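Values reported hereafter were calculated over all heavy atoms of this structure, with side chains retained and with hydrogens, waters and symmetry mates removed. Here the structure is a predicted model, which means the values were calculated and not measured.
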Amino acid sequence: MRKTSDLPVPSFYDAAHAAEWGYRPDPGVLLSTAEQWARQYALKPQTSDARRIHLLLIEVQKDFCLPMGSLYVGGRSGRGAIEDSDRLARFIYRNLHNISEITTTL
């Protein structure tokens with residue numbers, strides 16, 4: 001049975017990158033750090049899920065989510081989509097033990 005409590009947001013996550021158009025993480029460092037984090041919290045492969053939960057993310061491309069984008073949605077604060085991206089990343093990390101699959105549309 002899956003855990004019901006939230007996972008912590010991992011230390012390798014930096015919300016400041018949500019506003020950087022050209023940000024690219026180092027895949028090797030990210031992979032090794034993420035694997036350590038997954039082991040620490042005993043995350044299992046989604047193939048072992050008895051109950052599958054699919055997260056569908058709609059229109060999360062850079063043009064909507066970053067101020068330099070042609071379709072940026074700033075909202076009242078001017079940082080609306082950036083703040084949404086941070087909340088979304090935190091939601092995913094906190095709930096990785098419950099999410100089986102994630103699909104994004106463009």
Side-chain angles (χ1 to χ4, degrees):
M1 180 169 199
R2 299 286 302 295
K3 299 175 190 173
T4 57
S5 60
D6 288 351
L7 295 170
V9 175
S11 62
F12 57 80
Y13 173 69
D14 183 351
H17 295 307
E20 297 176 22
W21 185 274
Y23 174 70
R24 300 281 187 272
D26 178 316
V29 171
L30 184 58
L31 179 62
S32 67
T33 308
E35 286 174 338
Q36 291 170 353
W37 187 79
R39 276 193 303 276
Q40 179 181 356
Y41 293 100
L43 295 178
K44 303 291 182 214
Q46 57 91 9
T47 54
S48 66
D49 291 349
R51 178 177 168 195
R52 302 181 64 74
I53 297 175
H54 193 117
L55 176 61
L56 175 62
L57 306 176
I58 300 170
E59 303 290 5
V60 290
Q61 67 259 29
K62 287 181 172 184
D63 269 346
F64 288 113
C65 298
L66 294 170
M68 308 80 160
S70 60
L71 301 168
Y72 177 67
V73 181
R76 287 186 181 176
S77 70
R79 295 181 51 82
I82 294 168
E83 293 164 351
D84 288 344
S85 294
D86 177 48
R87 280 190 294 274
L88 179 58
R90 290 174 185 280
F91 172 84
I92 291 169
Y93 281 125
R94 286 192 316 263
N95 291 283
L96 271 177
H97 57 297
N98 293 315
I99 299 171
S100 302
E101 299 168 300
I102 300 173
T103 299
T104 60
T105 69
L106 302 175

Report the distance from atom CD of E101 to atom CG of L56, rounding to the nearest 0.5 Å. 11.5 Å
Between T103 and H54, what is the shortest heavy-atom contact and its length? OG1-NE2, 2.6 Å
Considering all heavy atoms of both residues, which atom of S100 and which atom of R52 are nearest to each other, and what is their separation? OG-CA, 3.2 Å
I need the Q61 CD to T104 OG1 distance, nearest 0.5 Å. 9.0 Å
Nearest heavy-atom approach of R94 to V9 is CG-CG2, 4.3 Å
Restricting to non-hydrogen atoms, name the atom on A81 and the atom on C65 that form the minimum distance, rounded to 0.1 Å. CB-CA, 3.7 Å
What distance separates H17 NE2 from R24 CZ, expressed to the nearest 0.5 Å? 12.5 Å
Calculate, to the nearest 0.5 Å, the distance between atoms CG and CD belonging to L7 and Q40 respectively. 10.0 Å
Side-chain contact test, heavy atoms from C-beta onward, threshold under 4.5 Å: evaluate it for L96 versus W37 and give yes or no. yes
Search all heavy atoms of S77 against all heavy atoms of E83 and return the closest pair with its distance. OG-OE1, 3.2 Å
Do any N or O atoms from the side chain of K62 and from the backbone of G69 form a donor-acceptor pair under 3.5 angstrom? no
Starting at CG of L43, measure out to CD1 of I99 and round the result to the nearest 0.5 Å. 11.0 Å
Can you check whether L106 reaches F64 side chain to side chain, under 4.5 Å on heavy atoms? no
Aromatic rings Y93 and F12: how do their planes relate, parallel, tilted or perpendicular, breaks at 30° and 60°? perpendicular
CG/L66 to CZ/R79 distance, rounded to the nearest 0.5 angstrom? 10.0 Å
